[in-house]
Amino acid sequence: MELWLGVENFVNIQSAKVCINQYAVLVGPNNSGKTFLMQLIQGMNKTWDSLLDGEPMEIILACRETPPRTADEKQNIHEVYRINAHTMELFTASINRRLREEKENIVRRIFGKEIPIGNLYIELIPDDHCDYLVDAVYTLEQLHKISFFLDSDVEEVLTRALSELPGSTMIYILSRHNRDTHQRQYVYARVSSGTDQAVSMNFFKMLLSFILRMDGLFLPASRTGLLMLYKEFFANQADRSMNYGIETSLMRKKELPNRDLTLPVYEFLRFLQTFSEYGNFTRRLEKELLFFERHVIEGHIDYGQHGNLTYSPRNEKENIPLFLASSMVNEVTPIELALISENCYRQLIIDEIEASLHPEKQTELVRFLNRIRKRGMSFILSTHSDTFVSRLNNLYVISANYPERISPDMLDRLGLEEADLIDVNDLYVYEFVRQSHGKSVVKQIKGDPEKGFAFDLFTETALKLFNEATLIDEGLNGGRDQI
């Protein structure tokens, strides 16, 4: 399911509509609005909980296919909810009504100051021929009836949960149902204690966050590890500068004073200062993290008991404090930290992804991101690097033609693996085009299976440099002829 965010007349953006829960790349000149848009997207990720209350959640809860049951009936019949295209259309319309009413409050909460905004809206595009089904089961008998679409290890875990937890336990199981083939694919499950309406509402909020990938982290353009050197200092200063309660409701009407930090930047600082590793993620991403250490940072990051991070270069045993490592290591380390954090982020919004990276490292970072994407991560990236987009472009063309026209043997000769390829259908590229009046229009660039994406911004610059070099050469040769 695709989630699109649209905005009009916001800072230096005249209009933009981008897919925000897949793999998006933003290119454009400085001061064209990329960072503002990325922070707006991240701020929206922290806004959904308030937006879902009331009518939007009632629409989701109304999609139950089985009527409410008595306690005795629940022993034999489990509840089923079907989230289809019609349900999502009603849900989207309800959310957009809330956004029209609250867009100024939302922007103020995210950016800490008044910023005019003309329009803010979302679009939801369901998967083709697919609905989402939610099974709410209370007993082992109910679980066994639907086990035909569960992975064996998932069924084992859920069976153990129902067997060992209190009798009021309910398990919600999300699956993707293909209406043409009638096949179901397991997506997600959650165990809840209690079966009342409040529990159901809380679950569906988490469910929608999972489907739409609303649990992200914004990484600003400057990700220096020096922020971790004075952790407590920055923590106290950041808290004071925000000057508001994080847990307060979005929709409160009370005027708030201007802040020094935007909410996404504040959250990034707090993430660095309070980082804690989640071991299960480290094991799950073991191969990808090993690639990152070998090909990108050429070393290993250690996480001390007191939150102190150290870096050990490859083939060296001695660790050094992270803030003494190269700027390249400091700039990309937060990406690794986010992947293994106990916060379990499923989306990274990274401003100027190529910051401090040598061109060779940029090409390897593209491979790493593609590999992480295969493990379920969502990305929104901005870049000014023609090297980064050229590598991504090449991998796009290879992916679009593999294995029919580009064979596994050719892939091997290129020094690549299948893990480096991407799903060409979920890569979205956007160019910020500055208009004569100074504002930007964000245009989607469509990929071509043979040529990839046409990055006009980089092409024009390359042509200027080529023409400049040609003129210089002509001048030098002309001077020699005169001699």
Side-chain angles (χ1 to χ4, degrees), residues 1-6 20-21 40-69 74 78-107 109-110 120-127 130-138 168-177 187-216 246-253 344 346-347 378:
M1 185 178 297
E2 296 175 359
L3 172 62
W4 293 68
L5 181 71
I20 64 173
N21 67 335
L40 178 64
I41 293 169
Q42 172 60 21
M44 286 296 298
N45 284 343
K46 302 299 181 181
T47 300
W48 292 109
D49 192 61
S50 296
L51 289 173
L52 292 176
D53 287 334
E55 183 186 53
M57 189 52 56
E58 292 172 0
I59 291 171
I60 296 297
L61 290 172
C63 69
R64 179 166 49 190
E65 293 191 335
T66 51
R69 304 289 177 174
K74 285 182 178 179
H78 69 280
E79 299 173 19
V80 179
Y81 299 78
R82 181 181 295 272
I83 306 175
N84 56 25
H86 178 64
T87 299
M88 296 314 297
E89 182 179 353
L90 296 175
F91 173 80
T92 301
S94 179
I95 289 291
N96 282 331
R97 285 192 290 272
R98 301 289 296 276
L99 289 176
R100 283 194 295 271
E101 297 171 358
E102 300 294 342
K103 59 182 185 294
E104 289 85 3
N105 293 330
I106 292 171
V107 169
R109 181 175 186 269
I110 296 171
L120 180 65
Y121 62 95
I122 66 166
E123 289 184 9
L124 279 170
I125 302 178
D127 301 331
C130 287
D131 298 334
Y132 283 98
L133 290 183
V134 177
D135 293 271
V137 303
Y138 307 82
S168 60
T169 297
M170 178 166 61
I171 296 180
Y172 294 94
I173 305 170
L174 172 67
S175 61
R176 186 180 289 106
H177 176 237
V187 177
Y188 177 64
R190 188 172 184 90
V191 179
S192 296
S193 178
T195 59
D196 57 17
Q197 181 83 346
V199 172
S200 296
M201 291 184 68
N202 287 334
F203 167 77
F204 275 102
K205 283 185 179 181
M206 290 183 287
L207 175 64
L208 289 167
S209 294
F210 183 89
I211 294 175
L212 303 176
R213 301 173 186 270
M214 299 170 184
D215 44 0
I246 294 296
E247 300 300 328
T248 56
S249 171
L250 162 70
M251 303 305 175
R252 67 177 185 171
K253 304 299 182 181
C344 301
R346 298 181 62 249
Q347 181 182 60
S378 170

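Counting non-hydrogen atoms of other residues, nucleotides and ligands closer than 6.0 Å to CZ of R82 gives a total above 12. Remark: E104 CD is packed, more than 12 non-hydrogen atoms of other residues, nucleotides or ligands lying under 6.0 Å away.
Nearest heavy atoms, P56 versus F91: O-CD1, 3.6 Å. Of all heavy-atom pairs between S175 and D135, the closest is OG-OD2, 4.4 Å.
The backbone N or O of M1 lies less than 3.5 Å from a partner atom in the side chain of D127, making a donor-acceptor pair. Side-chain N or O atoms of Q347 include one that pairs as donor or acceptor with a backbone N or O of I20 at under 3.5 Å. Checked by atom type and distance alone, the side chain of S94 never pairs as donor or acceptor with a backbone atom of L90 at under 3.5 Å.
Atom CG of D131 sits about 7.5 Å away from atom NE2 of H177, to the nearest 0.5 Å.
Of the residues E101, M44, R98, the one that meets the side-chain contact (heavy atoms from CB on, under 4.5 Å) test with I106 is M44.
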task = Verify side-chain contact (heavy atoms from CB on, under 4.5 Å) between Y138 and E79, making sure each step is shown before the conclusion.
result = CA-CA 9 Å; Y138 307 82; E79 299 173 19; 2.6 Å; yes
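Looking at I122 and W48, their side chains come closer than 4.5 Å, going by heavy atoms from C-beta outward. With contacts defined as side-chain heavy-atom distances shorter than 4.5 Å, the pair L40/L120 qualifies. Residues I173 and L133 form no side-chain contact, since every pair of their non-hydrogen atoms from C-beta on lies 4.5 Å or further apart.
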